Amino acid sequence: MGETNTDLGSNFIYDIIDADIAAGFDRQIHTRFPPEPNGYLHIGSAKAIWISYSAAMKYNGVFNLRYDDTNPVREDDEYVKSIEDDLLWLGAVPNGGVYYGSDYFDQCYDFALQLIAEGKAYVCDLTPDEMREYRGTLTEPGKNSPWRERTVAENLDLFRRMKEGEFEDGARTVRAKIDMTSSNMNMRDPVIYRILHAWHHRQEDKWCIYPMYDFAHPIQDALEGITHSLCSIEFENHRPLYDWVVDNIGFEKKPHQYEFARLNITHTVMSKRYLRELVETGKVDGWDDPRMPTLSALRRRGYTPSSIIEFVKRAGVAKAYSIVDIRLLEYCIREELNAAAPRRMAVLDPIKVTITNYPEGKEETFPIANNPLEESAGTREVTFGRELYVEREDFAEVPPPKWQRLRPDGEVRLMGAYIVRCNEILRDENGNVVELLCTADLETRNNTPVDGRKVRGTIHWVSVAHAVEGKACLYDNLFTLENVNDLPEGENYLDYLNPASLAELPACKLEACMADAKPGERFQFVRMGYFCMDTKNAGTFNRIVQLKDSFKVK
RNA sequence: UGGCCUGUAGCCAAGCGGUAAGGCAACGGACUUUGACUCCGUCAUUGCGAUGGUUCGAAUCCAUCCAGGCCAACCA
């Protein structure tokens with residue numbers, strides 16, 4: 001999955017597979033990623049993808065992409081397209097193929113027929129309310145449906161007529177005949193087929209009955225030859241039903257389900273339902289709004305696939321509920337960009353600097369390394385002149401302890417160019433600093449001072465006459481909730497992750513920016529201490545600058 | 001208050017009866033023409049949710065308790 005991710009890491013899924021192999025398991029390892037096409041993939045999806053994909057790769061196995069499209073009213077082709085794009089972007093090539101759960105509807109129907117014929121499933125006429133009543137509660141057993149003992153012939157007839165469209169939505173269901181007294185609610189005669197006259201994005205109007213997830217999923221897995229069906233932990237309670245379906249249909253090669261804890265990240269909303277709500281209510285510009293935790297948004301922000309995979313690997317795979325610090329994600333992109341991304345100098349909040357001993361009209365260029373850590377990145381020529389801008393926060397009139405940057409009567413290195421000394425501060429009528437008058441040590445010219453004195457600080461600068469102006473889009477984190485750290489003791493902030501909280505979603509702010517880029521050159525930059533980085537492959541975490549207005553901001 | 005799952009540092013996480021890996025974060029310091037990076041150091045001193053027990057020896061086994069997660073859609 002990308003050259004930087006040949007190391008598949010380790011997790012307990014591998015241990016399970018190792019144990020299977022040690023016990024004589026002789027089938028080729030086969031996994032799958034089964035998203036429902038009802039939204040865009042997000043960084044939590046990346047974890048699920050990585051777990052299944054890496055398990056297949058580690059054992060020279062097979063990895064399928066399968067759209068789990070058994071609920072026609074929620075699914076859409078827009079999502080199908082985006083999912084495949086994002087999956088491929090991550091590098092998780094489905095070497096086993098791309099499938100649709102709905103393509104197995106014929107088999108699902110036949111298997112349901114088979115279960116009915118064997119007396120293992122029946123057509124139930126209970127209304128939803130009645131069914132709820134008969135189901136019992138967490139602490140009380142349910143009771144058998146009055147329709148549970150219908151004859152096989154009658155069940156078969158009814159099911160066929162359900163398929164023919166004879167009945168209204170919800171009028172009847174097909175239920176697996178298991179155990180209404182089970183302590184596992186999923187085993188209390190679960191519905192496996194429902195009537196739903198709806199347009200399916202792929203099957204169109206072919207069907208008016210649809211198999212439920214618990215019935216369709218194990219069938220899909222078995223049919224595709226999946227050996228290890230990996231899913232998140234909320235399906236743990238469904239495993240007995242999964243096995244029931246596999247066993248009672250009588251698949252020879254049985255897939256097995258294993259669960260892992262899903263990914264949570266601090267300050268980040270991962271619920272697809274809420275994400276969709278943000279999109280649909282227009283609180284964000286779309287699924288790829290830079291504030292979203294979707295893969296498409298992260299891509300737009302400049303996160304690389306490998307940095308996301310690295311994050312997922314470092315966060316680990318276990319069954320314990322956890323919330324990973326988003327700073328780990330930021331670390332992963334920082335680590336990668338630091339090694340590879342070309343740099344530019346940039347100034348967001350400019351303060352003018354005039355080099356008083358530098359002749360008016362004169363200009364010269366300095367070669368500056370594009371990436372000091374990577375010689376092959378080469379250099380660029382940056383034009384220097386009498387009038388410059390530097391970052392306002394690189395100057396401190398009253399410097400704090402250990403201050404290394406510009407200060408009154410202090411010296412600082414203009415990166416790649418001269419050492420300058422601040423001699424005078426010019427102010428407006430309100431006393432605000434508007435300009436610094438400096439002198440350059442013209443001997444230094446990108447060298448150390450001839451007298452051997454030490455000048456510690458180094459700051460970015462741009463030439464007033466040559467800097468390229470752009471738009472900066474600044475934002476922090478993904479969804480940041482205000483005062484998250486000030487929540488009452490003992491309260492889980494995830495409780496606050498609801499649409500009401502998200503009303504406070506921070507807006508993207510456009511700010512001016514100047515950089516030593518070429519006119520029209522597109523780049524994002526990341527501030528990491530005091531440097532900037534570029535570009536189409538670069539990413540971000542603390543702040544982003546986009547020189548081109550490549551996305552709209554409300 | 002039924003069942004299943006989980007509980008190791010601020011955040012993740014390894015550990016699977018032999019004396020607490022690693023990463024992120026944080027904090028010192030060195031280096032530095034990016035206060036970045038890099039480097040060095042500190043960071044669970046009998047402590048692994050708690051309490052008992054078994055054992056020469058327990059984070060690892062047993063019991064009880066506590067805390068958190070999931071489950072009562074004709075969603076996935």
Side-chain angles (χ1 to χ4, degrees), chain A residues 10-12 15 34-36 38 68-71 73-75 101 124 126-128 131-133 135-142 169-175 182-188 190-196 209-210 212-214 216-217 231-240 259 261 264-266 272-273 311 313-332 334-335 338-339 343 345 368-369 371-373 394 402-405 412-419 444 446-448 455-460 492 526-533:
Chain A
S10 67
N11 64 56
F12 78 93
D15 296 343
E36 182 183 18
N38 67 344
D68 201 348
D69 55 355
T70 54
N71 183 354
V73 300
R74 294 210 312 201
E75 296 146 10
C124 182
L126 253 27
T127 66
M131 198 178 289
R132 186 158 40 245
E133 197 183 314
R135 190 159 32 231
T137 68
L138 294 175
T139 54
E140 298 162 314
D169 286 2
R172 297 177 211 271
T173 58
V174 177
R175 296 225 260 164
S182 173
S183 55
N184 183 340
M185 301 297 289
N186 296 120
M187 300 298 271
R188 319 243 263 225
V191 172
I192 61 174
Y193 256 99
R194 60 170 166 165
I195 299 172
L196 187 61
I209 55 172
Y210 288 91
M212 306 302 293
Y213 166 87
D214 282 315
H217 204 85
C231 63
S232 51
I233 210 157
E234 66 266 31
F235 291 105
E236 210 163 27
N237 295 332
H238 295 243
R239 193 171 62 229
E259 309 85 16
N264 295 296
I265 302 179
T266 55
K272 230 192 231 176
R273 183 185 137 211
F311 167 72
K313 282 160 57 180
R314 283 176 181 263
V317 179
K319 294 189 78 167
Y321 175 87
S322 62
I323 305 173
V324 179
D325 194 325
I326 196 167
R327 287 178 296 186
L328 181 61
L329 208 213
E330 295 168 348
Y331 168 83
C332 291
R334 215 188 303 139
E335 179 189 43
N338 183 51
R343 275 73 157 162
M345 294 188 291
I368 297 184
N371 181 349
L373 271 36
D394 283 346
K402 297 190 179 180
W403 180 260
Q404 291 185 20
R405 290 172 274 157
V412 75
R413 161 80 61 184
L414 296 178
M415 194 161 107
Y418 300 104
I419 287 171
T444 51
N446 198 24
N447 288 313
T448 46
V455 175
R456 298 219 91 146
T458 302
I459 64 174
H460 281 195
N492 185 329
V526 182
R527 286 185 60 152
M528 298 169 58
Y530 274 83
F531 64 38
C532 303
M533 324 171 127

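Just so it is clear, the structure is predicted and the values come from calculations on it, not from any experiment. By convention in this document, chain letters (A, B, ...) are assigned in the order of the sequence lines, proteins followed by strands, and residues within each chain are numbered from 1.
Searching all strands for a Watson-Crick or G-U wobble partner of B/U46 with both distances below 3.5 Å returns nothing.
Among the nucleotides B/C12, B/G3, B/G2, the one closest to any side-chain atom of A/Asn237 is B/G3. Closest to the side chain of A/Asn186, from the set B/C71, B/C12, B/A73, is B/C71. Side-chain atoms of A/Asp68 lie closest to B/A76 of the nucleotides B/A76, B/A13, B/C12. When the nucleotides B/C16, B/C5, B/G2 are ranked by their closest atom to the side chain of A/Thr139, B/G2 comes out on top.
In this model, no side-chain donor or acceptor of A/Arg456 finds a partner on the base of B/G35 within 3.5 Å.
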Could you pull out the protein-nucleic contacts involving nucleotides 22-26 of chain B (nitrogen or oxygen on both sides, under 3.5 Å)?
{"residue": "B/G23", "atom": "O2'", "partner": "A/Arg314", "partner atom": "NH1", "Å": "2.5"}
{"residue": "B/C24", "atom": "OP1", "partner": "A/Tyr331", "partner atom": "OH", "Å": "3.1"}
{"residue": "B/A25", "atom": "OP1", "partner": "A/Arg334", "partner atom": "NH1", "Å": "3.3"}
{"residue": "B/A25", "atom": "O2'", "partner": "A/Arg327", "partner atom": "NH1", "Å": "3.1"}
{"residue": "B/A25", "atom": "O2'", "partner": "A/Arg327", "partner atom": "NH2", "Å": "3.1"}

Using the side chain to side chain contact (heavy atoms under 4.5 Å, CB included) rule, take A/His217 and A/His238 through it: C-alpha gap first, then chi angles, then the decisive distance, then the call.
CA-CA 11 Å; A/His217 204 85; A/His238 295 243; over 6 Å; no
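At least one side-chain nitrogen or oxygen of A/Thr70 sits closer than 4.0 Å to the OP1 or OP2 atom of B/A76. Side-chain nitrogen and oxygen atoms of A/Lys402 include at least one within less than 4.0 Å of the OP1 or OP2 phosphate oxygen of B/G29.
To the nearest whole angstrom, the two C1' atoms, one in B/G15 and one in B/U60, are 8 Å apart.
No contact: A/Val73 has no heavy atom under 4.0 Å from any strand.
Using a 4.5 Å heavy-atom cutoff, the side chains of A/Leu414 and A/Ile459 are in contact.
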